[in-house]
Structure formats: structure tokens, C-alpha cells
Amino acid sequence: MLDKTFEAAAIEPRIAAAWDEAGAFRAGAGAEPGADPFTIVIPPPNVTGSLHMGHALNNTLQDILVRLMRMRGRDVLWQPGTDHAGIATQMVVERQLAERQQHRRDLGRERFVAKVWEWKAESGGTIVNQLKRLGASCDWSRERFTMDEGLSRAVLKVFVRLYREGLIYKDKRLVNWDPKLLTAISDLEVVQEEVKGHLWHFRYPLEGVAFDPSDPSTYIVVATTRPETMLGDTAVAVHPEDERYAALVGRRVRLPLVGRMIPIVADAYSDPEKGSGAVKITPAHDFNDFEVGKRHNLPQINIFDVEAHVVLKGNEAFLEGLEAAEDLAETVALMHGRDRFAVRKLVVQRMEEGGFLEKIEPHVHAVPHGDRGGVPIEPYLTDQWYVNAAELAKPAITSVREGRTVFVPKTWEKTYFEWMENIQPWCISRQLWWGHQIPAWYGPDGKAFVAESEEEAAAEARAHYGESVGLSRDEDVLDTWFSSALWPFSTLGWPEETAELKRYYPTSVLITGFDIIFFWVARMMMMGLHFMGTEPFRDVYIHALVRDEKGAKMSKTKGNVIDPLDLIEDYGADALRFTLAAMAAQGRDIKLATSRVAGYRNFSTKLWNAVRFAEMNGCVRVAGFDPSSATETLNRWILTEVARAVGEVTEALDAYRFNDAAGAAYRFVWGTFCDWYLELSKPVLTGEDGPAKDETRATAAHVIDEILKLLHPFMPFITEELWARTGEAGPSRETLLALTRWPTPGATAPDAAAEINWLVEAISEIRSVRAEMGIAPATQLPMVLVGADAATRGWLDTHAAAIQRLARVSEASAAEAAPPQSAQIVTARGTIALPLAGVVDLAAERARLAKEAEKLDGEIARIEKKLDNPQFVARAPEEVVEEERTKRDGYAERLAKVREALGRLA
RNA sequence: GGGCGGUUAGCUCAGUUGGUAGAGCGCCUGCUUUACACGCAGGAUGUCGGGGGUUCGAGUCCCUCACCGCCCACCA
């Protein structure tokens, strides 16, 4: 006997262990012979991570599809694994070191990296266990890690090949530099943050005239949000068509505090509308200025070290051509070695002292921050490795254009194209220790030898120099996303031509959030096409972001994070999963309310109790039971409804409409099976033994099986548990539910549907009227069916017991006319009369009927207006017009009967 | 500045070819009815953001305005 409720927290882990032991999720488990493969690669979570709501949604959706396909007998592989997450992981371990007042430099590279591996061994399994807790049916035996041996070999191979093809190259240009993490980062890792800053207007004195703050003809005003960079200014730019400054172009100004003479150049970059219309140019510290500098052949003066401290002493580029003026000496003494923000203050202060500060305006602007380090990034001139993304993007764009890879919902393709068509070189080198070290070795003269091993590089060097030389390896590691980009094929064994690679590549569908379309999806497309020659996935399903109840992005700093593990603890993984699926409408953010999870926990309890009820009534599965041989109307009806539900759920899942699928299953289980089938079958189940009872028991058990299958992708734990428990009676289960075949819609019985639908309507109507009339539940009323045809009267006979019980009716009979003083319910198949004499105030019934008549009147008037419109009759499709007529006639007939009933009561 | 999405019941959200709206939660009224109070029965609540247009007919298509959110670009 089942307990009263399903104890999710206790039972779910046990089920998970059973799946594991049975190897139920191994690639190909339960597949039909000759089945097509179905592959999903998991978006690898960071090893440092723990399960958040985004993971929960993402993996629930994947698991629903994977379980569906496995049940359909497809050869399923859900490839799991984790990402080494370069910066994030390195930061975790560095933080631990910091607690002991240590720095990674103290350990040295080798020992530090060893420490990270240690940490990974200890804590890296957290996220995987949490995914298992969620019920993710990955093939855990194939778990991979982006830095394991095989994947690292793939990374080497890819790097070397792209290098040899000229698609990876080294370049010196401005990069986004994170002065806290001391590494370059890619454009995508930069987040713009609105900052309330200032716009400082500086006067730069013109050459050849005596500077006089009160005489604007002696200087030019530039506006800046970054005063400190003025130390590296090498020009002032004005717009070529800006008449205000036309006369000044070609002249020079003396850079205050520094004394450098810099030109005023005409460049269209300068925007006359912004600031003063003249802009200071710092080629070494601003992306736009860098470009301007190249156009005008300006020097690039880097004034920062890697931590964005100002470096002036010994800074050759800075000092070149400067005279040893007093103000310069002061500037160097005051500012050298100080932080950029301290220098900002000092520069402003000294500019003011010198009369060079014209005004300060408040100014809100976006400041780029490193997404990991959280500090403003610095455009910084360094040597880095780049991927020629524009080249690799071409086929990746074509694939989507030509529909070989399809985004769902399609709107995301626009985003994809937008980015891919304007893609910039991808900076892939990072000045970190944790990651794939770049396979480049440098000779004494700095020449790079890129090869898969040091030996190979040494050989190349020998060939180049004509002798053995000492080589030093590039210190940098690759952007984490470089290895992630290979994930769909590297996890399957590439570059080896493994059987898995052949079998499971390309993958069937990728399920991910829109936030990593650029980071990941686009790059997998590029790498997959380049190295495998085919798109890495057929469909890309983009799901929403999970937000809090108010729609805010969940974040630790806001404190609005809902931890999925808490929800699992409180309501069960099944409830959480079902909630996420039910809310996963395409193209919308999900605002998660805990009450919703509670609601679906109730649903699982409902299911549990329905099975419990069946168990109590001896609904045991019958070997070889053939649903199509059922003869009882009620059973034929529920089988029809099952067929419909199976069709709806399947169709919705095939279209990635997870919410529709969940909704259809929910409505069927609760609204149809529990509310009506179980209720209506009670008389049979508690009645005398016989064929009807046997058939009903077998049918109930059969329908429950179908329900368990249908719900399994959404609620794997409770369904697997019930599958096992219901397997204890009757014929034993051949397999776990997870490996059972997905149902296909069976035959339907329209006649049974019509009959039971009438019954449901009759009961509902009687209940409704009773409630409206304020008739106490304990009061039993007789009911009389008036004006019904023989078939309907037959239905009444058949279902009299059900009606009596469910509508609280003392006796049900048919008659020619309604008894006096009856409430009357007019239906399409006759009028149901409830004699009310002595039970209820007849005036109330008159009022009810009058209201009903009024409503019908309104409906009829509305339709008639429509039908009187010649345009409607002429232009609307015939069937729509006909439908309206039928509706009108039906209403009119009912109205007549309602009026008649009213008349009798008068 | 460019682009995308949203605005539907008190709250959170559905609404797939255009035929005047649904769910969960909440609320109200009843109920120890052969599983389930995490339940049962019944009920109330919407000028589908504003305006205009197309159409016989618009929550659904087009235009426009307002507000909200996101993405990309931008440290003058």
C-alpha cells in the first residue's frame, strides 16, 4: 500500500541510484536495433559552479527531450562534462591562497596549477552531483572535462592547424586589459556599466602665443572623462568641417603638465556636437584614438603598467622629445607609480592650479568593466594571439541562412547574423596559468614555432636556425571558450576517428540560453564546420533567462537568488522540473514564483494518490490486456482521452513547446482522469464482481501506465517510483520506466466520448445550479430528464448511479413534462428538471432563469447582428457563417425552453 | 545611436494559421463525498497599455505613441 504522500526528498535519490546501477543512461541504452542516433551535448557548467536556476531550466529541457527520445527507442547520447573555466577557477584558488596571505607567484606556475587540479579533484564534482539530483539522464560514464587529456589534444591540434592556415596569428594592438586580473579579455567579456562621472574641460595652450586663461584665443578646449590619460596625449582632433576650429588645424598645442608639443589634426572621428568639439587623442589608451593615431601617424605613448599604475620615470616613449621643464619634473614626481584613479585626481587638481581647467560637468556614461574582475578595463597595447573570426564566420553564417542549422525560436537568428557579420578578431590569449598553454615556442630572436609538442617545435627551430637553440614556451593560456568551441566533437574523441564520433556527430539539438549565443554557439558553429565539415547541431533551441518574481536578473549581490536545490529539497526535483517546463514558453523570460512550484508539487501528490486509489481498488495490470477490446463506455471514453493526450504531448514536444506539453499532460491527468474517470468508475469498482469490473480495473491500470510514461520526461522520479510500485502486483515490469517505449495514440471512440461528455455536462450543470440555489450538499433532489431522445434516455439509465452520487440526486428518471416548481437546466440533449418545491425559494429560481434568458438573448442579438451584415454573409467562409447560424438556432431553442420554464413558475 | 522583446484576471504567466479570452497561485461560498485539505464542489474578477488602420470580423496582422526590459555599439 502506498503512503499518503510522495516523500520526494527521501525517494528521489534512491531512484537516481537505481538508474545509475542499471546503466539506464549509457549511450544507446534501450535503443531499438538500427535506431537513429539522438545526441545532445550538455553546455558544460564551470567546475567551480553550483547549480543555479539557469542550469536547472537548461538541463530540465534537455532531459525532457533526451528521455523522450530514449523512450522512443532512439540511440541516445547525452554527453556530459564540465568546463575548466579559466579565470573563474583560477580566481577561486587564488582566493584560497590569499586567505593564507599567499600569492600564486609565491608558488610558481607548476605548483599553482597542481593546486588547481587538487581543488578540482576535491570540489569539481559538486555541480555534477547536483545535476544528478535534478534527474539529468546524461551518460555519466562518458563525462569529460575541457582540460582532460583527450580534449587538450584536440585543442593543440586545432590551434596548430589554424595557425598553419593563417587563421591564428599574433598581433600587437589594443586589447581589453583587466588591470585586476592582469590579463587580456575578449570583447565579449567586457560589460558596459553606467557610471555617474564627470566631463572635464581642459585648456590646451596654443603654440606661439602666451597662455591666458581669460583669453580663449590662446588655447583650445578639449573635454574628457579620463583626465589621467592626458599624460599620453599625442594630438587634438577637430572635425574637418568644423568652422570654429578650421584655422587651428595644423597648429600645435603644448600639453600642460607634460610640455609635449602635439598637433591639432582634422579627423572625422571628432564630433562637433560632443564636448567642446575638439577631442584629445591618446592612441595607446583608447580604441578610437588608436585608429585616429594610425591615420595621422601619431606616436603611441603607453603611460600605464599592467596594473594601470602610471609609469613616467624611465618611460622612453613618454619622455621622448620632452624638455626638462619644471612642470614635467613635478608631474613625474607626483604621479609616477600611482594608480590611475589617484592620478585622475592629481591631474585635475594640477590642471586647475595652472588655470587649465575650464569647467567640470556631471556626465553619465558607460564604462567598460571586466565581467569577472569587476574593475574598469583598460585599452592596452600588447602582443596577443588572435583568431581570424571573420573568415571562420562565413560558412557559419551560410549554414544558418540556408537552414542547415535552425534556431528555435527563429528570432535569434537575427541576433546571430548581426554579430557574425560584424565579428571582430577574437583575442584568444590570456595571461593566466590555468588553462591550455599556447603551443608556441620562441627562439632567441623571438621567432615563434607553433607545434603540437616541444620536440616538434625544436625540430622546426633546428631547421630554421641550422642548429639546436634554446626555446622558451609562450606563457599564456587560451581563452576558455576556445576549448568549449570544440565541445561537440572533442568530447566524442576527435582528433581520433572514434566510433562515437562517427555515430553521434553532428548532434541533434543544442539547448542553451541566449546569453551565450556569441560566446559559445557561434564559435561551435565556426569550429565544427571548419574541422568536421558539418554543422555541429541541427537545431539550436534558445531558452529564456530565469528571473526572480519581480523580473530582476537573479544575482548574489541583489540577494534575490532562488536556489534550485532549496526548491528541490522543499518540493522535490519533479515539481521543480515540471514548473520549469510548464513555464518554458518560447521567447520569454521566466519569472519564477515559488507558489508555482508548490502547485506542481500538489500535482505530483495528486498523481500519487490517484495511483494509490487504483491500488486500493485492485486495479492491477493484466498481461496481454488489449485496450481496443474494451467494451465499457467509460473505459472506451478514457482510452479516447488518453489517445488525445498522448497526441498532444508528443506533438508539443516535437515542436519544442515544452509548456504546451506539460499543460496537456497536467489537464489530462488531473482534469480528466482524476476528476472524472476515477470518480465515475467508483460505482463499478466498488460494485459486484464481473466482466465490467475486471475491464475497468485493467483499463485503469493501463491508463495509469500510459500516464506514467507520458509524465516521465517531466517527472522522472515519481513516475519511476510508481512504475516500480505498480509493478509489484500483476505481471512484473520488463524494464525501468526510463527504458520503456513512449506511447502512441490508440484508437478513439467518438460515440463513447459523446455519451460521457453528456454525462459530465449534466453532472456539472446540476452541481452548478444547486450551488447557485444554495441547496445544502446533504439535500438530495430527484432529477427528471425532459424531452430527451431515446439514446439520451438510455444514457440516463446507464449512468443513473453516477449522477446520483456525483450530483447528489435521489433518483434519476425521464418524463414527458417537467414536474411543477422545478429548476430547469436546458441542454442540447434535453432539459434537466430539479423539483424544488419546499426546498428552495422559487423566486430565486425565477431570477436565475431570467438571468439565463437575458444572457441567451444577448448572445442571439450579437450573432444576429453579425448575420444581418451582408458583408459578413458574403465574405466570411461558408462554414463560419453556417457555424454562426447553428449557434444562433441552438441558443434560440434553449431560450424558448427557458422562457417556457419561466412561464410555468410564474 | 542600432536591434530585439514585453505590456492579457489581484499576482505569475498561456493564448500555433485572425472568428470577442485561459491556467496556476491568491480571493469568496460551501464540503470529514470509498485516493488526495498538497483535497472536493461551486463562484467572482479582464474596455487583452493608448490611438489609428487593414478586415465581414483583431489579444492575434500593419502603423503610431507611451512605459518597462534585454542585447550590441559608445569612457569627449
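Every chain is numbered from 1, with letters handed out A, B, ... down the list of sequences.
- Side chains of A/Glu189 and A/Ser186: a donor-acceptor N/O pair is present below 3.5 angstrom, by distance only.
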Could you run down the sub-3.5 Å N/O contacts of the protein with nucleotides 1-4 of chain B?
unit_1 : atom_1 : unit_2   : atom_2 : d
B/C4   : OP1    : A/Lys414 : NZ     : 3.2

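- The phosphate of B/A76 (OP1 or OP2) has a side-chain N or O of A/His363 nearer than 4.0 angstrom.
- The side-chain contact (heavy atoms from CB on, under 4.5 Å) search around A/Ala807 returns A/Ile763, A/Ile766, A/Ile803, A/Val809, not counting sequence neighbours.
- Checking B/C74, B/U34, B/C40 against every side-chain atom of A/Ala366, the shortest atom distance belongs to B/C74.
- Within the structure, a side-chain polar atom (N or O) of A/Ser768 is placed less than 4.0 Å from OP1 or OP2 of B/G43.
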ask   = What would the secondary structure line of RNA chain B be in dot-bracket form, counting Watson-Crick and G-U wobble pairs under 3.5 Å, with [ ] for pairs that cross earlier ones and | for pairs with another strand?
value = (((((((..((((.....[..)))).(((((.......))))).....(((((..]....))))))))))))....
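- Picking from B/G42, B/A35, B/C72 the nucleotide with the shortest atom distance to the side chain of A/Leu678 gives B/A35.
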Expected rows: protein N/O vs nucleotides 16-25 of chain B N/O, under 3.5 Å:
unit_1 : atom_1 : unit_2   : atom_2 : d
B/U16  : O2     : A/Arg657 : NH1    : 3.4
B/U20  : O4     : A/Arg862 : NE     : 3.3

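- At most 12 heavy atoms of other shown residues, nucleotides or ligands fall within 6.0 angstrom of atom CD in A/Glu418.
- With sequence neighbours excluded, the residues that form a side chain to side chain donor-acceptor pair (under 3.5 Å) with A/Asp233 are A/Tyr204, A/Lys280, A/Thr282.
- Against RNA chain B, the stretch residues 610-617 of chain A makes heavy-atom approaches under 4.0 Å through A/Ala610, A/Arg612, A/Phe613, A/Met616.
- Nucleic acid contact for A/Asp515: none, since no nucleic acid atom lies under 4.0 Å from a heavy atom of the residue.
- When each of A/Ile763 and A/Pro368 is assigned the nucleotide of RNA chain B with its nearest heavy atom, A/Ile763 is the one assigned upstream, toward the 5' end.
- Between A/Gln871 and A/Arg601, the residue whose closest nucleotide on RNA chain B is further toward the 5' end is A/Arg601.
- Nearest nucleotide to the side chain of A/Thr225, out of B/G42, B/C75, B/C36: B/C75.
- The separation of B/G6 from B/U17, taken at their P atoms, amounts to 16 Å, rounded to a whole angstrom.
- Within the nucleic acid shown, A/Thr579 has no heavy atom closer than 4.0 Å to any nucleic acid atom.
- Atom C1' of B/G22 sits at a distance of 13 Å from the matching atom of B/U45, rounded to the whole Å.
- Rounded to whole Å, the C1' atom of B/U20 lies 34 Å from the corresponding atom of B/G3.
- Among the protein residues, A/Arg767 comes within range of the sugar-phosphate backbone only, with heavy atoms under 4.0 Å from sugar or phosphate atoms but none that close to a base.
- When each of B/A76, B/A41, B/C75 is scored by its nearest atom to the side-chain atoms of A/Glu378, the top-ranked nucleotide is B/C75.
- Side-chain atoms of A/Leu188 and A/Arg523, non-hydrogen and from C-beta on, do get closer than 4.5 Å to each other.
- Comparing the C1' positions of B/G52 and B/A9 gives a spacing of 27 Å, expressed to the nearest Å.
- The gap from the P atom of B/G10 to that of B/G49 amounts to 13 Å, rounded to the nearest Å.
- Counting non-hydrogen atoms under 4.0 angstrom, A/Leu188 reaches nothing in the nucleic acid.
- In this structure, A/Ile704 and A/Leu722 have side chains that are not in contact, with every pair of non-hydrogen atoms separated by 4.5 Å or more.
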Using a 3.5 Å cut-off and no angle test, enumerate the donor-acceptor pairs between side-chain atoms of residues 665-673 of chain A and protein atoms at least two apart in sequence or in another chain.
none

Would you be so kind as to tabulate the donor-acceptor pairs closer than 3.5 Å made by side chains of residues 607-620 of chain A, with sequence neighbours excluded?
unit_1   : atom_1 : unit_2   : atom_2 : d
A/Trp608 : NE1    : A/Asp3   : O      : 2.8
A/Asn609 : ND2    : A/Lys4   : O      : 3.2
A/Asn609 : ND2    : A/Thr605 : O      : 3.0
A/Arg612 : NE     : A/Leu2   : O      : 3.2
A/Arg612 : NE     : A/Asp3   : O      : 3.4
A/Glu615 : OE1    : A/Leu2   : N      : 2.9
A/Asn617 : ND2    : A/Phe613 : O      : 2.9

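- Every residue two or more places apart in sequence or in another chain that forms a salt bridge (charged side-chain N to carboxylate O under 4.0 Å, His left out) with A/Glu864 is listed here: A/Arg888.
- Aromatic pair A/Phe578/A/Phe714: ring centres closer than 6.0 Å.
- Annotation: B/C27 and B/G46 have their C1' atoms spaced 16 Å apart (nearest Å).
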So which protein nitrogen or oxygen atoms get under 3.5 Å of nucleotides 29-33 of chain B's nitrogens or oxygens?
unit_1 : atom_1 : unit_2   : atom_2 : d
B/U33  : O4'    : A/Arg808 : NH2    : 3.1

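- When the P atom is used for both B/A66 and B/G50, the distance is 15 Å, rounded to whole Å.
- The residue A/Tyr269 sits close to a base: some heavy atom pair falls under 4.0 Å.
- For A/Lys606, counting side-chain heavy atoms from C-beta on, the closest listed nucleotide (B/C36, B/C38, B/C75) is B/C36.
- Base contact: A/Val279 has a heavy atom under 4.0 Å from a base atom.
- Contacts of A/Asp271 with the nucleic acid, taken as non-hydrogen atoms under 4.0 Å apart, include base atoms.
- A/Thr224 meets the side chain to side chain donor-acceptor pair (under 3.5 Å) test with no other residue; sequence neighbours excluded.
- Here, B/A21 and B/C48 have their C1' atoms 8 Å apart, quoted to the whole Å.
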Ignoring hydrogens and angles, write down the donor-acceptor pairs under 3.5 Å from the side chains of residues 512-522 of chain A, residues two or more places apart or on other chains.
unit_1   : atom_1 : unit_2   : atom_2 : d
A/Trp520 : NE1    : A/Ser484 : O      : 3.0

